[in-house]
There are 2 protein chains.
Amino acid sequence: MPSGKPTLRDVAKAAGVSPMTASNALHGKPGVKDSTRAKVLAVAEKLDYRINLTASMLKSGRSNIIHIIVNEFDSPFYSKLVESLVTETTERGLTPFVEQTRYSPDAAKHALANNPFSGQLFDGEIIHASGLNAGVPLSAINHGRPLVLIDACEETPTFDTVNFPNEDGARAAVQHLIECGCHRIAIVGDGYSPRTELAHVESSSGLRLRGASGALLDAGLPYDESTNFIGYGSDSGIEAGHAIAEAMLEARAQSADDTAESRSPGTTRATGSTPAIDGIFCINDYAAFGVIRGLADYGIRVPDDVRVIGFDGATAGSYTTPTLSTVQVDLDQLAQFALDMITRRVEQRDQGDGRSDESAGMPATRATIGYTLVPRESTVGSANR
Amino acid sequence: MPSGKPTLRDVAKAAGVSPMTASNALHGKPGVKDSTRAKVLAVAEKLDYRINLTASMLKSGRSNIIHIIVNEFDSPFYSKLVESLVTETTERGLTPFVEQTRYSPDAAKHALANNPFSGQLFDGEIIHASGLNAGVPLSAINHGRPLVLIDACEETPTFDTVNFPNEDGARAAVQHLIECGCHRIAIVGDGYSPRTELAHVESSSGLRLRGASGALLDAGLPYDESTNFIGYGSDSGIEAGHAIAEAMLEARAQSADDTAESRSPGTTRATGSTPAIDGIFCINDYAAFGVIRGLADYGIRVPDDVRVIGFDGATAGSYTTPTLSTVQVDLDQLAQFALDMITRRVEQRDQGDGRSDESAGMPATRATIGYTLVPRESTVGSANR
DNA sequence: ATGAAAGCGCTAACAT
DNA sequence: ATGTTAGCGCTTTCAT
């Protein structure tokens, strides 16, 4: 027996067959007598043979590895997204290779283009495209290789894309706040945009804002700059929480003034005080956690003083205090869609005549995943428990 | 120009040198004239040459890929651990390959042994060993390849190991509760063990329990089964929270009874009622979040009614409500230690005469990372903010 | 159903 | 400082 690790030739020799037959037997390819296959498998088992993927990949050009690119690992949203993608990839017998960009377009570009694996090792790539569109020339980087974008939100997709139910989900969230009796609803996200500018947005945050503002206007509630706050993660969410708290306290004070004024009608004042904010839609759960935290810094309680709902369905929302109402998106479905799209293209390429250099091939497809509105303490209180 | 992707030969030809020179130039190896190197690099750039790692690995037997194995992605602790390990690996010019086992020893075994990459592709492996010792015969699986265990807690390490400051950190956490004025402190973890059995524990949870119970006994406070609850994640943590809440309410009721009894001294009763729990040490932050949540279900507030401290330093602890006091472990240091251990072995192997088959080589080393006690609202209230 | 030949793209080892 | 040779372990192709 040779010194190092057993190779396919060792197995073949010990089984009394050629390397080719051994290879076919091990891969379950047809055209191998059952008895032969059994013998090969037994020998491989005995020798503890392990295929050398490196050689296999070199020759065959296929790796069964799927490249998964996300912004970061340590956030409530991404850790769950990765979990879903990795699980689905593994269940299909493929190997997930996960990479993070830390929100840097350069890192994303590197992951896609300069990474020595890209284009040679990976059978397909899945990238969470949020905030990527600007900085990364995908078409120039991707030479017809299977690529799926997550939440790219393009109206005319240039790549296979799985989108979140951004507009509908946000609309449902705000409608839920309205049903809870909220009259003055704040939006925490990327900042205010007038409705006209939202008509053709192609970003996740823009679409969520469109859905949220649409729900407000449909209900005859105001949508303006004064109720828009910036928050997209825990830190900025805390700041948004502080800003909202101050606005609420000011409104309370003003309302107290008004009451006082009504008794002594000598003062000149704008008529009708602004009512205090009583509901908050956050563009994602991560920001919502921060907002609740920020409100608490001012002694404002959720949902007693103001109701809060997030978006995404982060795992943590079920065990925070209060538990977080949210629009739970179906990430398992997302993973299924994404891998369907990848495998479809891989198979096409395998069957293709090999001539189509940039294999324009099939047009880009698009899918949108489902969602569930999950009411929890942060909107309906503990009565619901 | 050839049809497919440019190979090293294409670059060499275009630069008017041999493939070997081109290879050396691209790898920054010494012994290449500067002008030659410049020319090669320019040509490679122009052709958009990308090294074929698969071929390179096949020939050289090195991949620069580090295998990182953790239990899961979507938990406050692991997402941060992965973040640190991946960042450090990347900064050293190595490529992290992250895999999750979902707490299955079989999956861990598979990742380490059956995974087609293992032992051929990876230059080194880092595995979070918690709850692994029993099910996985590491020595049989690992054939002298660089392997680092995280928190294996073995007294006599068989592999390079980086441990958490389990005992000291837990001790510090409980001391903090005591300094806050707690007299009756519950422990939420893997369950009660008598002190004698804790003398030689070799598990993370056992060591934390040893530290916690030691701090109690040192302060003359009781350590017994009645104040030990089972909780190690959010769900079990919630259950522990419920159990503790019920114990607290019962103690309150009993104390009310006692007061009543003292007025009507006719009843026979055990003397001295049990005081209510006023402090809780949780074996990790994940459980602590659940405990706080479970307490809230009973209307028990933290820290007003009971103080809570966790362990790990999960990112979320800084933006939950209340913010979570914790023993923050230095995961960046952990990543540095782990990669130092790996590279040390890789280098040794590279320099080795290649004869040492199972390269027993260097003895296993062990390191323990540092920690910081972070007091937050859950123990000291918002005065601290 | 099985085998033989050839070579994927690169780099270690040895020339020059 | 550069070039030549050989072959890593596998699988595609073509024979038998």
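Lettering of chains follows the sequences in order, A, B, ..., and the numbering in each one begins at 1.
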Exercise. Can you spot which of B:D106, B:N71, B:L112 makes a side-chain contact (heavy atoms from CB on, under 4.5 Å) with B:T101?
Key: B:N71
Practice problem: Ignoring backbone atoms, establish whether A:H27 has a side-chain N or O less than 4.0 Å from OP1 or OP2 of D:dC10. | Solution: no
Quiz item: Could you state the CZ-P distance from A:R9 to D:dT11, rounded to the nearest angstrom?
Solution: 14 Å
Self-check item: Side-chain donor or acceptor of A:R37 paired with backbone N/O of A:A25 under 3.5 Å
Solution: yes
Quiz item: If you measure only the distance, is there a donor-acceptor pair under 3.5 Å linking the side chains of A:N64 and A:T95?
Solution: no
Quiz prompt | Set of residues satisfying salt bridge (Lys or Arg N to Asp or Glu O under 4.0 Å) with respect to A:R9, sequence neighbours excluded | solution = none
Self-check item: Whether A:R145 side chain and A:E125 backbone form a donor-acceptor pair below 3.5 Å
Solution: no
Quiz item: Bend angle of the helix from C:dA1-D:dT16 to C:dT16-D:dA1 from five-pair axes at both ends, rounded to 10°?
Solution: 30°
Quiz item: Is the closest side-chain donor-acceptor distance between B:R50 and B:N52 under 3.5 Å?
Solution: no
Exercise. Compute whether any side-chain donor of one residue and acceptor of the other, for A:S56 and A:R62, lie under 3.5 angstrom apart.
Key: no
Exercise. Return no unless some side-chain N or O of B:T36 is found under 4.0 Å from OP1 or OP2 of D:dT2.
Key: yes
Quiz item: In whole angstrom, what separates B:L58's CG from D:dT11's C1'?
Solution: 12 Å
Exercise. Sequence neighbours left out, what passes side chain to side chain contact (heavy atoms under 4.5 Å, CB included) with B:D74? Give chain and number order.
Key: A:S79, A:K80, A:E83, A:T315
Quiz item: Is there a donor-acceptor pair closer than 3.5 Å between any side-chain N or O of A:Q333 and the backbone N or O of A:I369?
Solution: no
Exercise. Write down the distance between CE (B:M57) and P (D:dC10), rounded to a whole number of angstrom.
Key: 14 Å
Quiz item: Roughly how many Å is it from CG in B:L121 to C1' in D:dC8, rounded to a whole number?
Solution: 15 Å
Exercise. Please list residues of residues 13-26 of chain A whose heavy atoms come under 4.0 Å from any atom in DNA chain D, ordered by number; otherwise none.
Key: A:M20, A:S23
Exercise. Hey, which sits more toward the 5' end of DNA chain D by its nearest nucleotide, B:K59 or B:P30?
Key: B:P30
Quiz item: Does anything in residues 21-33 of chain B pair up under side-chain hydrogen bond (donor to acceptor under 3.5 Å, both in side chains), and if so which pairs, sequence neighbours excluded?
Solution: B:S18-B:T21
Quiz item: So, for A:F122 and A:F97, is the gap between ring centers shorter than 6.0 Å?
Solution: yes
Quiz item: Under a criterion of less than 4.0 angstrom to any heavy atom of chain A, what are the 5'-terminal and 3'-terminal contacting nucleotides of DNA chain C?
Solution: C:dA1 to C:dG9
